[in-house]
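Values below: all heavy atoms of this structure, side chains included; hydrogens, waters and symmetry mates excluded.
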Amino acid sequence: MSRKKSFYITTTLPYVNAEPHIGFAYEILVTDVVARSKAEEDVFFNTGTDEHGQKIFNAAEKSREKVEKYVERYREEFKKLKSLLGLSENLRFISTNSKEHIEAAQELWRRCQKDIYQKEFEGLYCVGCERFLSKRDIVENKCSIHGTEPQLLKEKNWFFNFKKYEKDLLKYLSNKEVVIPDWRRFEAIDFVKEGLEDFSISREKKRLSWGIPVPNDDTQVMYVWFDALTSYISTLGWPLESGDFKKFWQDGETLQIAGKDQVRFQSLMWQAMLFSAGIKNTDQIFYHGFINSGGQKMSKSLGNVISPQDMVKKYGVDGTRYLLLKHVNSFEDTDVTWDRLDEWYEADLVNGLGNFVSRVMRMAEDNLDEPVVVQSTKMDKSISKDLAKFEIQKAINLIFATIGTLDLEIQNKEPFKLVKSNPAKAKKIITSLVKELHTIAENLKLFMPETSDKIFEAVKTNKKPENLFPRLNA
């Protein structure tokens, strides 16, 4: 008996300075779909929360809470996503404020010690980015990502010798498989070729006390990114070289999923840290686009934030999963509004999938003497190929194209009328439609697991299920 392959997959770790938004909900849903697609492998599916840094400290002060209580409260909100979004049961969760993670981050620092040095530095610092900005990060005197004016800071910090790993990173990035989509890989390559600058990996404790203490230096805490990136291996029990770390990171296939703004951190800084510590590099990183609303970045001040909690309340778990996975572009930015979500829900789910399931199973329940016996099926190979390329939308489109084709077949052959004039032929058509419905349920398992199970049960019992997707004005 051959041993199962080991597969490790992780989201980024979101900051706990606000409640979960649909941008991260999309990321964890994509990660969930990929994790589910590896059912024949031994999967370690990781997520968690990034709980240190200036942004979180400031947010806690603003809310007049002790920072420990503040992060604990928001950590629980992120943990709720597991049940809220119907995520896989084997999902693991890592907190960067856990004892095990803190010890791992300090050990990684020690392993990278040969590339760490101290110097005084003055520069423009963005609290949103949690880092000093270079010239390429500033547009019209503002941070190119957050649109805020950076602060001028002068500090004595510990720095990581990033420049030392330019050649190693270019060699790593020469492998076409390490970054998806390919243009993000070229983005990383161009960044290296422009010349890397050593980056600060600590902050003065007198300015920011909320962080992991730097080994052998009571005056400094770790830069939040050095701390947070370590979570990808601390969750596996590292620095122990055995157990899950050996099984999933050293000997398995590793995949990280992140937003497009993470290229520098995930594919460059983190990989350089791994080079320095003598640890295997990440096998592959997939970068997705952002979700905007009404042509603007979502923000509380603009009042255009859409929360996954509100989506689930309105559309249900699988309705929410479908809307984000189907209508958010896998690689580019996507504009999402409540009006569009309503339109997609009604068209695709109420009038599409839901209506199709009801039509087929009503005909089966009324005209077939017993449930249709269906041989076990596997997911369509075309869908598997699309998933391997992170073409989530394309994979779901294949399923719904089949539904459209079968709807036309019902319209053209009218088996519901044919049962009176030619019942044998009508039953044959209905039986075929039920088998097709079973295949659709199989193909939906990764994307809409609850709906898939309901369809399987309907076929098994030969009964029309309750309305899968109620109308919004019902």
Q: Looking at Glu204 and Lys206, does any basic side-chain N land under 4.0 Å from a carboxylate oxygen?
A: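 Judged by the 4.0 Å cut-off on N to carboxylate O distance, Glu204 and Lys206 do form a salt bridge.
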
Q: May I ask you to decide whether Glu155 forms a salt bridge with Arg207, counting only side-chain N to carboxylate O separations under 4.0 Å?
A: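 Salt bridge flag = yes for Arg207 with Glu155.
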
Q: Give a yes or no on whether a salt bridge exists between Arg75 and Glu51, defined as a side-chain N under 4.0 angstrom from a carboxylate O.
A: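 Yes.
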
Q: Does a side-chain N-to-carboxylate-O contact under 4.0 Å join Glu77 and Lys82?
A: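 Between Lys82 and Glu77 there is no salt bridge, as every charged N stays at least 4.0 Å from the carboxylate O atoms.
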
Q: With side-chain hydrogen bond (donor to acceptor under 3.5 Å, both in side chains) as the criterion, how do Asn397 and Lys326 come out once you've worked through the C-alpha distance, each side chain's angles and the decisive distance to 0.1 Å?
A: CA-CA 8 Å; Asn397 281 338; Lys326 166 65 171 66; 3.2 Å; yes

Q: Should the pair Glu65-Arg73 be classified as a salt bridge under the 4.0 Å nitrogen-to-oxygen rule?
A: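 The answer is yes: the pair qualifies as a salt bridge.
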
Q: Taking the side chain as every heavy atom from C-beta outward, state whether Tyr8 and Leu255 have any atom pair closer than 4.5 Å.
A: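 When only atoms from C-beta onward are counted, Leu255 and Tyr8 do not touch, as no gap falls below 4.5 Å.
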
Q: Between Arg110 and Glu107, is the closest basic N to carboxylate O distance under 4.0 Å?
A: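 Salt bridge present between Glu107 and Arg110.
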
Q: Output yes when Asp261 and Arg264 qualify as a salt bridge under the 4.0 Å nitrogen-oxygen rule, no when they do not.
A: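 No, Asp261 and Arg264 are not salt-bridged.
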
Q: Less than 4.0 angstrom from a charged side-chain N to a carboxylate O is my criterion; do Lys454 and Glu457 meet it?
A: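 Salt bridge absent between Lys454 and Glu457.
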
Q: How far does OH of Tyr223 sit from OG of Ser200, to the nearest 0.5 angstrom?
A: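 So the gap between those two atoms works out to 8.0 Å.
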
Q: Between CD of Glu100 and OG1 of Thr235, what distance do you get to the nearest 0.5 Å?
A: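 Result: 10.5 Å between the selected atoms.
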
Q: Is the Trp270 ring parallel, tilted or perpendicular to the Tyr232 ring (thresholds 30°, 60°)?
A: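 Correct class here is perpendicular.
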
Q: Restricting to non-hydrogen atoms, name the atom on Asp50 and the atom on Leu13 that form the minimum distance, rounded to 0.1 Å.
A: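 Closest heavy-atom pair between Asp50 and Leu13: CB-O, 3.4 Å.
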
Q: So does Glu61 pair up with Arg64, basic N to acidic O under 4.0 Å?
A: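 Looking at Arg64 together with Glu61, the answer is no, because their closest N to O distance does not fall below 4.0 Å.
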
Q: Between Asp244 and Lys247, does any NZ, NE, NH1 or NH2 come within less than 4.0 Å of an OD or OE carboxylate oxygen?
A: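 Looking at Lys247 and Asp244, the cut-off is not met.
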
Q: Report the relative orientation of the aromatic rings in Tyr345 and Tyr315; use parallel for angles under 30°, tilted for 30 to 60°, perpendicular for over 60°.
A: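 Tilted, since the angle between the ring planes falls between 30° and 60°.
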
Q: Apply the test ring-ring contact (aromatic ring centres under 6.0 Å, His included) to residues Phe400 and Tyr322: give CA-CA distance (whole Å), side-chain angles for both, the deciding distance (0.1 Å), then the verdict.
A: CA-CA 11 Å; Phe400 278 74; Tyr322 170 82; 4.9 Å; yes

Q: Is Lys163 salt-bridged to Asp198, cutoff N-O under 4.0 Å?
A: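 Looking at Lys163 and Asp198, the cut-off is not met.
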
Q: Could you walk me through whether Tyr74 and Phe78 pass ring-ring contact (aromatic ring centres under 6.0 Å, His included), step by step?
A: CA-CA 7 Å; Tyr74 275 107; Phe78 281 91; 7.6 Å; no

Q: Quick one: do Lys445 and Glu442 make a salt bridge, cutoff under 4.0 Å?
A: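 The answer is yes: the pair qualifies as a salt bridge.
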
Q: Output the distance between atom CG (Asn97) and atom NE2 (His52), rounded to the nearest 0.5 Å.
A: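 Those atoms lie 4.0 Å apart.
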
Q: Would Asp342 and Lys314 pass as an ion pair if we require N to O under 4.0 Å?
A: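 So Asp342 pairs with Lys314 through a salt bridge.
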
Q: Are Lys79 and Phe93 in a cation-pi setup, meaning NZ or CZ lies under 6.0 angstrom from the ring centre and within 45 degrees of the ring axis?
A: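 Pair Lys79/Phe93 counts as cation-pi.
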
Q: Is the Lys NZ or Arg CZ of Arg92 less than 6.0 Å from the centre of Phe44's six-membered ring, within 45° of the axis?
A: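 Yes - Arg92 lies over the ring of Phe44, closer than 6.0 Å to its centre and within 45° of its axis.
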
Q: How about His288 and Phe331: are their ring centroids closer than 6.0 Å?
A: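 Judged by ring-centre distance (under 6.0 Å), His288 and Phe331 do not meet the cut-off.
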
Q: Is the Lys NZ or Arg CZ of Lys260 less than 6.0 Å from the centre of Phe290's six-membered ring, within 45° of the axis?
A: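 Because its charged atom sits under 6.0 Å from the ring centre and within 45° of the axis, Lys260 does stack over Phe290.
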
Q: Should the pair Arg321-Asp32 be classified as a salt bridge under the 4.0 Å nitrogen-to-oxygen rule?
A: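 Between Asp32 and Arg321 there is a salt bridge, with a charged N closer than 4.0 Å to a carboxylate O.
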
Q: Considering only NZ, NE, NH1 and NH2 on the basic side and carboxylate oxygens on the acidic side, decide whether Lys99 and Glu103 come within less than 4.0 Å.
A: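 Judged by the 4.0 Å cut-off on N to carboxylate O distance, Lys99 and Glu103 do form a salt bridge.
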
Q: Measure up the Phe160 and Phe199 rings against each other and bin them: parallel (under 30°), tilted (30 to 60°), perpendicular (over 60°).
A: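 Judged by the thresholds at 30° and 60°, the geometry between Phe160 and Phe199 is tilted.
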
Q: Using 30° and 60° as the class boundaries, would you call the ring planes of Tyr15 and Trp225 parallel, tilted or perpendicular?
A: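 Perpendicular: the ring planes of Tyr15 and Trp225 meet at over 60°.
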
Q: Do Tyr117 and Trp158 have ring centroids that are under 6.0 Å from one another?
A: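 That pair fails the under 6.0 Å test.
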
Q: Does a side-chain N-to-carboxylate-O contact under 4.0 Å join Lys5 and Asp42?
A: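 No, this pair does not count.
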
